[in-house]
Amino acid sequence: MKTIYVIGGTMGVGKTTVCQHLKMILYNSVFLDGDWCWDSHPFRVTEETKKMVLHNICFLLNQFIHCSAYDNIIFCWVIHEQFIIDTILESIDRTNCVVKIVSLVCNEQTLRNRLEKDVANGLRSEDVIARSISRIPNYPRLNTIKIDTSKKSIDEIVCEIADL
């Protein structure tokens, strides 16, 4: 039985960091960041590119599912709409798989502090702060397990996910 971890959250909540650590503690694991499936310049969000990225994600997830080398498949992306979750679940082969769907959340001030630090370090552009904060209200509406990262260490969050 394989376990698929689908981990969403707004930009700056800690998805990539958490998933990289989770990959290291779960045996026979592989990690896919949805952003890797449409990393382009200039970055364009259109109906065509949104359809393409979901197709790319589902294709890669199915490849990992069908590969005997992996028991744990970790996927993260912003995933701010139930439609995204539903599309992924409908498009992947869940035979002999357990799917755990998690939204990482945090309070607005914590998110702002994290993003401002990233902007100051040249890792993100300043416009990400408003875009990320605007997505906070979406996550309570999703059919996911919510994990608040506001006052937790990476290790605490990873252990919470691994224990699901």
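As the structure is a prediction and not an experimental result, all values here were calculated from the model. Quick note: residue numbers are just sequence positions, from 1.
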Visitor: Going by atom type alone, with no hydrogens or angles, which donor-acceptor pairs under 3.5 Å involve a side-chain atom of residues 59-67 and a protein atom two or more places apart or on another chain?
Guide:
from  : atom 1 : to    : atom 2 : distance (Å)
Asn62 : OD1    : Asp93 : N      : 2.7
Asn62 : ND2    : Cys58 : O      : 3.2
Asn62 : ND2    : Ser91 : O      : 2.9
His66 : ND1    : Asn62 : O      : 2.9
His66 : NE2    : Asp93 : OD2    : 2.9

Visitor: Using the test salt bridge (charged side-chain N to carboxylate O under 4.0 Å, His left out), find all partners of Glu160 that sit at least two apart in sequence or belong to another chain.
Guide: Lys152
Visitor: Enumerate the salt bridge (Lys or Arg N to Asp or Glu O under 4.0 Å) contacts for residues 59-74, please, sequence neighbours excluded, ordered by first and then second residue.
Guide: none
Visitor: Among all residues two or more places apart in sequence or in another chain, which pass the salt bridge (charged side-chain N to carboxylate O under 4.0 Å, His left out) test with Arg141?
Guide: none
Visitor: Sequence neighbours left out, what pairs pass salt bridge (Lys or Arg N to Asp or Glu O under 4.0 Å) with at least one residue falling in residues 115-132?
Guide: Asp118-Arg124, Asp127-Arg131
Visitor: State which residues pass ring-ring contact (aromatic ring centres under 6.0 Å, His included) with Phe83; sequence neighbours excluded, sorted by chain then number.
Guide: none
Visitor: Report yes or no: does Thr144 contribute a side-chain atom to a donor-acceptor pair with the main-chain N or O of Ile101 at less than 3.5 Å?
Guide: no
Visitor: Would you list the atom pairs, donor with acceptor, under 3.5 Å between side chains in residues 5-14 and any protein atom, with sequence neighbours excluded?
Guide:
from  : atom 1 : to     : atom 2 : distance (Å)
Thr10 : OG1    : Ser132 : O      : 2.9
Thr10 : OG1    : Ser132 : OG     : 2.8

Visitor: Can you pull the side-chain hydrogen bond (donor to acceptor under 3.5 Å, both in side chains) pairs that have at least one residue in residues 51-60, sequence neighbours excluded?
Guide: none
Visitor: So, using side-chain contact (heavy atoms from CB on, under 4.5 Å) as the criterion, who are the partners of Ser153 when residues are at least two apart?
Guide: Asp155, Glu156
Visitor: Taking it one step at a time, do Asn113 and Thr110 satisfy side chain to side chain donor-acceptor pair (under 3.5 Å)?
Guide: CA-CA 5 Å; Asn113 292 345; Thr110 298; 5.6 Å; no
Visitor: Could I get the full list of side-chain contact (heavy atoms from CB on, under 4.5 Å) partners for Ile154, not counting sequence neighbours?
Guide: Thr17, Val18, His21, Val158
Visitor: How about Trp36 and Phe75: are their ring centres within less than 6.0 Å of each other?
Guide: no
Visitor: If only atom types and distance count, is the side chain of Lys2 paired as donor or acceptor with the main-chain N or O of Tyr70 below 3.5 Å?
Guide: yes
Visitor: Any salt bridge (Lys or Arg N to Asp or Glu O under 4.0 Å) pairs touching residues 23-49, not counting sequence neighbours?
Guide: Glu47-Lys50
Visitor: Just to verify, what does Arg112 make a salt bridge (charged side-chain N to carboxylate O under 4.0 Å, His left out) with, not counting sequence neighbours?
Guide: Glu108
Visitor: Taking Val53 as the starting point, is it possible to reach Phe43 by hopping between hydrophobic residues whose side chains are less than 4.5 Å apart?
Guide: yes
